[in-house]
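The next block holds one structure in the form of structure tokens; read it before the comments.
As the structure lists them, so they are numbered: ligands from 1, and atoms in each ligand from 1. Computed from heavy atoms alone, side chains included, the values below leave out hydrogens, waters and symmetry copies.
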Amino acid sequence: MVKIGILGVGTVGESVAKILEENGDIIEARAGKKIVVKKGVVKNLSKKREVSIPLSDDPMDVIDDPEIDIVVELMGGVEEPYALVKKALGNGKAVVTANKALLAYHRYELQELAGDIPFMYEASTAGGIPVIGALRTGLSANHIESIQGIMNGTCNYMLTKMINEGAKYDEILKEAQALGYAEADPTFDVGGFDAAHKLLILASIAYGIDAKPEDILIEGIENITQTDVAFAKEFGYAIKLLGIAKKVGKGVELRVHATMIPEASMIAKVDGVMNAVTVVGDRVGETMYYGPGAGGDATASAVIADIVDIVRGNQGPMLGYKKGLESGLQLLPKEEIVTQYYLRMDVSDKTGVLATITSTLGKFGISIESMLQEPTNDAGRATLLFTTHKTQESKMQEAIEALEALDVLEGSIAMMRIEK
Ligand code: HSE
């Protein structure tokens, strides 16, 4: 028998306990041993729970219990779980976590501390989709060319509703929160940070890149309007919040942002709260992983898969590379990213304004691919919508600054990136 302790018995922790009991026969058959929850740790002992496992409000009751072999961390946050997980590893216990934020900041220190002790985290990225296992094991023969993923269900739900039903941003955010997918602070979802945490985890396994959220380009979906949605439809694009990792020579681009992608692409068809990750390997070609990126049972399914793996004795370096043998690839500075752009701007509808705008873009070497002008409104403002050919991020930022300084421009410019 293998005994586990769970730090944090919320929705996912309850599902872990429930599935271990209800699917106990098949899990035992697969692991080779019975897996039992010896104790769960909660902040509030008087709160009613769906499961009847022994509870404590002291994490040390799990961490210092010599009978507990595996500590499952499902409490969320960064520094508090980091301190506890370090203690658990110090006591020689294997760790399973679903905590993306913990890993976004501390995965390399944890790998160092874990050494040969198993440390697993399948549930941290794209919930129930076994994409970590796919990258760590299934694709280990490949150089990874790129990863592109819908890694935040809240944003995907909101964008799907905005595009398919013309829903208003604020109303739809409330609806997404009611579904129980949104983070406690939904700016983590709509600002792209949650997806960035997951992207950083995947980028470590794929490329050995040791970067923190602050090091990479992260933008959310807050500025998308129905004008952008209409333009995207007109030009055959879907809009998705994507996490993108791409090998470019010896560099790796890492970025999270709202993206226009061709409607016909597979990932464009992933709607609602579902997640999907496309990984291109140099030998296997394009692979795609689709499924629920959150939810109690789906996330618990990934947590239990890790526990089974540990019980079976499957090991290997936590982040997929043997120490000292990492890929040698470096994070590409965000200013050097090259992609296509979509721009939306309001201008005063006067003679020569369009020429001024296009010549300013030209000054920065930015070539226009397509353009649309919306009819002038009562206040004498016209909305201009452009897509550009491939341009370097730094040039685009400089051009936006120059355009926003023009007298004819009203307000600020909205920008989205395009991936074909
Ligand atoms: N807030 C996340 C989402 C939950 O919306 O996908 C899973 O990490």
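Listed by chain and residue number, nothing satisfies the ring-ring contact (aromatic ring centres under 6.0 Å, His included) test with Tyr321 (two or more places apart in sequence, or in another chain).
Heavy-atom proximity to Gly153, at under 4.0 Å, picks out these atoms of ligand 1: 3 (C), 5 (O), 6 (O). Short contacts between ligand 1 and Lys198, defined as distances under 4.0 Å to a heavy atom of the residue, involve ligand atoms 2 (C), 6 (O), 7 (C), 8 (O). Interface atoms of ligand 1 facing Asp189, defined by a heavy-atom separation under 4.0 Å, are 1 (N), 2 (C), 3 (C), 5 (O). Distances below 4.0 Å separate heavy atoms of Ala294 from the following atoms of ligand 1: 4 (C), 7 (C). In the vicinity of Gly293, heavy-atom distances shorter than 4.0 Å reach the ligand 1 atoms 7 (C).
Note: Leu159 CG to Asp228 CG = 10.5 Å, rounded to the nearest 0.5 Å.
Relative orientation of the His197 and Phe188 rings is tilted, given thresholds of 30° and 60° on the angle between their planes.
The proximity of Asp194 to ligand 1, defined as any non-hydrogen pair under 4.0 Å, is limited to the side chain.
Among Met158, Glu183, Met151, His197, the residue whose heavy atom sits closest to atom 2 (C) of ligand 1 is Glu183.
Cation-pi contact between Lys233 and Phe231: absent, since separation from the ring centre below 6.0 Å together with deviation from the ring axis within 45° is not met.
In terms of protein heavy-atom proximity, atom 8 (O) of ligand 1 is nearest to Lys100 NZ, 2.6 Å. Given atom 5 (O) of ligand 1, the protein heavy atom at minimum distance is Thr154 OG1, 2.6 Å.
Under 4.0 Å is where a charged nitrogen must lie from a carboxylate oxygen, and between Glu165 and Lys161 at least one such pair does.
By the 4.5 Å heavy-atom criterion applied to side chains, Phe364 and Met396 are not counted as neighbours. Contact of the Thr391 side chain with the Gln340 side chain is not registered, since no non-hydrogen atoms from C-beta on lie closer than 4.5 Å.
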